[in-house]
2 protein chains.
Amino acid sequence: MQKTAVEKSNDPIAAQLAPVGRETVQDRVYLELRRALIGGLFEPSQVLTIRGLADALMTSTMPVREALGRLITEKALEALPNRSVRVPPITLERMDDLLRARILIEGEAIALAATRMSPRQVSVIESMLGEWDEMRALKHKKDVDREVTLNQRFHFEIYRACGSAVLIPMIESLWLQSGPCIRVAIYAFSDAGEVDTAHFHRSIVAALSVQDPTAAREALIADISRPFNFLRNKLQSEAASKGKS
Amino acid sequence: MQKTAVEKSNDPIAAQLAPVGRETVQDRVYLELRRALIGGLFEPSQVLTIRGLADALMTSTMPVREALGRLITEKALEALPNRSVRVPPITLERMDDLLRARILIEGEAIALAATRMSPRQVSVIESMLGEWDEMRALKHKKDVDREVTLNQRFHFEIYRACGSAVLIPMIESLWLQSGPCIRVAIYAFSDAGEVDTAHFHRSIVAALSVQDPTAAREALIADISRPFNFLRNKLQSEAASKGKS
DNA sequence: TTTTTTGATTTGTGATCACACTTGTATTGA
DNA sequence: TCAATACAAGTGTGATCACAAATCAAAAAA
């Protein structure tokens, strides 16, 4: 029998060992930059240099340039004609464009998921609601990173249940693109006095637990529209005050 | 005044000169591979090697590996655990998944375009209809490449009018992913006796010329569903006959 | 003071090399 | 004859270097 390295052995001892994933440096760089972008660690219009990132990530330039290339193709970063690369600036048109696409695709994904989620899966995301509560109750100091991460886990746990290997990468790309916007919005939120963010998530869970695709879609649209609408108002008022001065 | 290379000169003589784009080798490789994938020049499950492609494209391995990385992130190619890369195989589930996503996103794009296209723009794509006719009238020998190219130009001329910088790259990614399927379907078409492919395009143009988003969306759905449905039947009958033998 | 020019530094791109892993083919053993 | 081993060719990954283009700063000219 031909034995290749990719297939798992049937040895009863080896069966207890988890396969040691051979992640490349390039993958680690890519995932790290992804995390930073979705979390909004880079600000819009900031330019990124290959050697600078390589130094910060303690690797050579090679894995970084390939990771940057990948991020550029999914529009998470932008290639300037000078061949330098920056995180895309925020404009009103782009925000509306992103929100429309997210409503379209994430709405479809959650509608699909609503009809396919088992009660077991629903209970998993329901438990996240509790996590959210205790986080907000425990400490009032803003822990934006954890909030962003939890929000991301909540949404993608749902999207994964839609069972589409095509839609999910697209949603990831959309989150990557709207990451910088969201970060700005969240900071603006906590400045403007926190409204109940958990309310939307509760209605999403409620719709999913009764397998109602339409209600789930509408609750989701309300949820993801809120930071965009907030940010749009903020940008418009800033533009108005700047126009006067 | 600071003068950089990226900004266009105001010199009245230089104004007549088109900027000479500084396309990198990597870009050329990427575009060439894209073209090959959408055109279906690679067959499903075919593995691609960096050095092999570098030899074929007459460059070093460097631009090729970066282009491959980009194509992998947009799911146009697939990275195997062995770290070799292949064009994804066709499965029934994946086909249905792709078709659903295309109906969702391209349908939205054409509905947006229907309300925004000027009569001038409509006449441009209407003229493509004629191109199609003369191509089919002139020679009966199948010129699949030209047919695929014209079909692509026709669709993207419409999508561009939707004015969404977010949706269009997603549609390109979807075409990239469904490219290998389409090629197989087109060959199957011409074997099975050609039904009127132009009919669908005529109804699309008709809907656009009266700015009817719903009709345009439905005509488009019929158009892009046809090869998928055809291919699905073909695969199912093949699977059935293979199950018997 | 303002503008232009010159030079030094930084940056992205492509090529080449070394290394580790995989794969395919002989060779050896039973 | 067949299975296992050993060897050889092939492949992806990461590092380093050379080069051209871009950027920035200081110096020179207006």
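Chain letters run A, B, ... following the sequence lines, proteins first, then strands; residues in each count from 1.
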Check whether any side-chain N or O of A/N82 sits under 4.0 Å from OP1 or OP2 of C/dG12, and answer yes or no.
-> no

Interface with DNA chain C, restricted to residues 55-67 of chain B and to heavy atoms under 4.0 Å = B/S60, B/T61, B/M62, B/P63

With distance as the sole criterion, is a donor-acceptor pair present between the side chains of B/N229 and B/R232 under 3.5 Å?
-> yes

Are side-chain N/O atoms of A/R116 and A/Q121 paired as donor and acceptor at under 3.5 Å?
-> no

Using modelled atom types only, decide if a donor and an acceptor are shared between the side chain of B/S173 and the backbone of B/P169 within a distance under 3.5 Å.
-> no

Evaluate the ring planes of B/H155 and B/Y159, with Trp represented by its six-membered ring, and classify them as parallel (under 30°), tilted (30 to 60°) or perpendicular (over 60°).
-> tilted

Earlier contact from the 5' end, DNA chain D, for A/S84 and B/L68 | B/L68

Using whole Å, report how far [atom1] of [X] lies from [atom2] of [N].
X: A/E23; N: D/dT13; atom1: CD; atom2: P; result: 13 Å
X: B/R83; N: D/dG14; atom1: CZ; atom2: C1'; result: 11 Å
X: B/L80; N: D/dT13; atom1: CG; atom2: P; result: 12 Å
X: A/D27; N: D/dG12; atom1: CG; atom2: P; result: 15 Å

Geometric cation-pi criterion A/R102 and A/W175, 6.0 Å radius, 45° cone = yes

Got a sec, which residues hit ring-ring contact (aromatic ring centres under 6.0 Å, His included) with A/F154, two or more places apart in sequence or on another chain?
-> A/H201

Around atom CD of B/E131, are there more than 12 heavy atoms of other residues, nucleotides or ligands at under 6.0 Å?
-> yes

Tell me which residues in residues 44-54 of chain B put a heavy atom below 4.0 Å from DNA chain D, sorted by number, or none.
-> B/L48, B/T49, B/I50, B/R51

Would you say B/E66 and B/Y30 make side-chain contact, with heavy atoms under 4.5 Å?
-> no

